[in-house]
Amino acid sequence: MTLNKIQRSAKVEQRRDIRSRDEVLSGKGWANLSTLPEAQTIPLKHLKQADRFFEFCNQRGLTDIQVHHVAAFDTSSNPSSLRILRDTLRSFYGQEHPISHVVELVRQARCRAYRLQRGKTGVKTNATKVLRISVPPHELPEHWQTVLDDLEGGVPVAGRRISASTARNMRNYARQLIWSVRRNELPEEISIETLSAYDKDLSQRGLRASSCAFQFGFLRTLASFVQPSLEVDEALRDLVADYKRIASRSIQLKDGKFAHLAPIEILFGNAFLLLEKGLAESHKMKRVTLLLDAAAIAFLTLIPLRNTDTVLRWGEHISIERSTTDDWVYRIDTSISKTGVDFGGKLHPILNPFLEALLLMGRHPAFLQRRLAEAIVNNEPVFPLSNGGARRSYSLSRRWRARLGTGSHIARTQAHTLLGALGPKGVSAALALCAHRSYATRLHYQDVSLSQALMRQSQEMLVSTLPSDLVTRRLKDLAPDILP
């Protein structure tokens, strides 16, 4: 290693924050907050962000925090870090507290500037892409663009707020609607006539009834913001209801795939078999593939994350619970990309041997403590490539498809089906495990501490469906004790 690389590595090491939760909460800014229940449930990554903000304010003696103070604290153009800070402050102080409000104002301004910059620089534009069924975003009616920009940036419109992902979906379907309107030479508005033309175009494209219900539902929300009309709202409501009735009589694609998916006991049996083969394999590439396939099947069967949320790192998303008195020694703390909701809790011990095998990669279990420390300090990928690099978001789902003939998204259906059969408690547990916000995916919010308790309960419920001898025998043979 050259001197320059050593120096760069030393600088990176100095910037890396490897403090534990207790170390963070022992800081000056946490005197009145460290005893609150939220201090133990908020993801460690979020606590560290708030701690850096508290330290920034303490060093400058700030008591009346203004917008320019928050802007000086976070100078990045990406608003995601301010979202983390806002959510953490809201957890401790509440949504209406002045400090939460100030951070939210800066975040909204960053969102607008960030979208404007991306639009100008073309980071997310596809100049060479031919739009077949939609118009470019800038060709939407000007009033629609203004409303959608405000909604996506978190600004209330007519006293209402919606999530950024909902606003993006509304924009996408509005672009398709305008394309259909122009194709049929109709006025660029939401009316009975334009909706009928759009409905006809969707039918010609062969969309499933569930997809049509989904699209018209978003257009109904859009219409309520840009062109409120009782007649249009009733028409869209009836249209969505009709498509939902049709969809309820058809077999969903995912249900068809689920019908061909092996039971959970066979999935875990295959995962343990792949694990044993991987531990005995001497060829490095084959060993990595076998161990990764085993971990992908086991982990996503029990923790059915969406593809975009499977790029996990040690120390950042997966950590060790050293204060535990049982075998639940690993925990996950992340946020769901689709909804932004925090997702965290302890991982069932049945996953321990899979995670540890990927860490050791053929080494003797005596090296586990050392490898854990290295992985946490270096934020190594939990599911690495053979060269140690991070995999892409779709990688684990591809490994599922290679072994099981379907992507890992079907694990979410499996969890809901198995847990739903256990009654209302099972349904609540499935919602927490799959990081769904509600029975209707958005309306009912779970308390953070309740979600974490349900996450553990849901894993226990799923594992309870496995044969007891499989769980006991596999854990006894393959899971070393990692705690001193």
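As the structure is a prediction and not an experimental result, all values here were calculated from the model. For the numbers below, each heavy atom of this structure counts, side chains included, while hydrogens, waters and symmetry mates do not. For reference, positions follow the sequence shown, starting with 1.
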Do any N or O atoms from the side chain of [X] and from the backbone of [Y] form a donor-acceptor pair under 3.5 angstrom?
X      : Y      : result
Ser386 : Val288 : no
Arg313 : Asn379 : yes
Asn378 : Glu374 : yes
Lys48  : Arg19  : yes
Arg205 : Asp201 : no
Arg175 : Ser134 : no
Thr75  : Ala71  : no
Asn387 : Gly389 : yes
Ser395 : Arg391 : no
Arg21  : Ala39  : yes

Honestly, is Arg52 close enough over Phe73, meaning NZ or CZ under 6.0 Å from the six-membered ring centre and within 45° of the axis? no
Applying side chain to side chain contact (heavy atoms under 4.5 Å, CB included), run through His97 and His101 and close with a yes or a no. CA-CA 6 Å; His97 194 280; His101 179 65; over 6 Å; no
Minimum heavy-atom distance between [X] and [Y], given as atom pair plus value:
X      : Y      : value
Leu396 : Ala296 : CD2-CB, 4.1 Å
Ile65  : Val102 : O-CG2, 3.8 Å
Glu139 : Val135 : OE1-CB, 4.0 Å
Pro187 : Val181 : O-CG1, 3.1 Å
Gln145 : Pro137 : CD-O, 3.7 Å
Ala375 : Trp314 : O-CB, 3.5 Å

Pairwise side-chain contact, [X] with [Y], heavy-atom cut-off 4.5 Å (strictly under):
X      : Y      : result
Tyr93  : Leu33  : yes
Leu207 : Gln215 : yes
Trp144 : Leu222 : yes
Val70  : Ile99  : no
Ile190 : Val226 : yes
Asp333 : Glu316 : no
Asp74  : Val103 : no
Arg110 : Leu82  : yes

Counting the benzene-type ring for Trp, do Phe92 and Trp30 have ring centres under 6.0 Å apart? yes
Aromatic ring centroids of Tyr243 and Phe214 under 6.0 Å? no
Between [atom1] on residue [X] and [atom2] on residue [Y], distance to nearest 0.5 Å:
X      : Y      : atom1 : atom2 : value
Arg237 : Leu230 : CZ    : CG    : 8.0 Å
Phe367 : Leu359 : CZ    : CG    : 14.0 Å
Glu231 : Leu236 : CD    : CG    : 10.5 Å
Leu239 : Glu234 : CG    : CD    : 13.5 Å
Leu177 : Ile133 : CG    : CD1   : 12.0 Å
Lys45  : Leu47  : NZ    : CG    : 12.5 Å

Report the C-alpha separation of Gln49 and Ser81 in whole Å, then their side-chain angles, then the decisive distance to 0.1 Å, and conclude whether the side chain to side chain contact (heavy atoms under 4.5 Å, CB included) test is met. CA-CA 8 Å; Gln49 176 75 348; Ser81 59; 3.7 Å; yes
Does the pair Asp64 and Gln66 meet the rule for a side-chain hydrogen bond (donor to acceptor under 3.5 Å, both in side chains), with working shown? CA-CA 6 Å; Asp64 184 18; Gln66 301 297 321; 3.0 Å; yes
Please tell me whether Ser224 and Thr221 have a donor and an acceptor in their side chains that are separated by less than 3.5 angstrom. no
Give a yes-or-no answer on whether the side chains of Ser191 and Thr194 include a donor-acceptor pair shorter than 3.5 Å. yes
Please indicate whether [X] has more than 12 foreign heavy atoms, meaning atoms of other residues, nucleotides or ligands, lying under 6.0 Å from its [atom1].
X      : atom1 : result
Glu23  : CD    : yes
His69  : NE2   : yes
Arg392 : CZ    : no

Thr310 and Phe299: CA distance, side-chain angles, deciding distance, side chain to side chain contact (heavy atoms under 4.5 Å, CB included) verdict: CA-CA 10 Å; Thr310 59; Phe299 191 90; over 6 Å; no
Let me know which of Asp309, Leu312, Leu44 forms a side chain to side chain contact (heavy atoms under 4.5 Å, CB included) with His317. Leu312
Whether Asp87 and Arg83 form a salt bridge (side-chain N of Lys/Arg under 4.0 Å from carboxylate O of Asp/Glu) is what I want to check. yes
Lys/Arg N to Asp/Glu carboxylate O, Glu380 vs Arg371, below 4.0 Å: yes
Mind running side chain to side chain contact (heavy atoms under 4.5 Å, CB included) on Leu355 and Tyr330 for me, showing each step along the way? CA-CA 9 Å; Leu355 296 174; Tyr330 297 113; 4.1 Å; yes
Mind running salt bridge (charged side-chain N to carboxylate O under 4.0 Å, His left out) on Asp149 and Arg171 for me, showing each step along the way? CA-CA 9 Å; Asp149 286 343; Arg171 190 189 302 272; 3.0 Å; yes
Can Phe216 and Tyr198 be said to form a ring pair (Phe, Tyr, Trp, His ring centres under 6.0 Å), step by step? CA-CA 10 Å; Phe216 283 115; Tyr198 185 51; 5.7 Å; yes
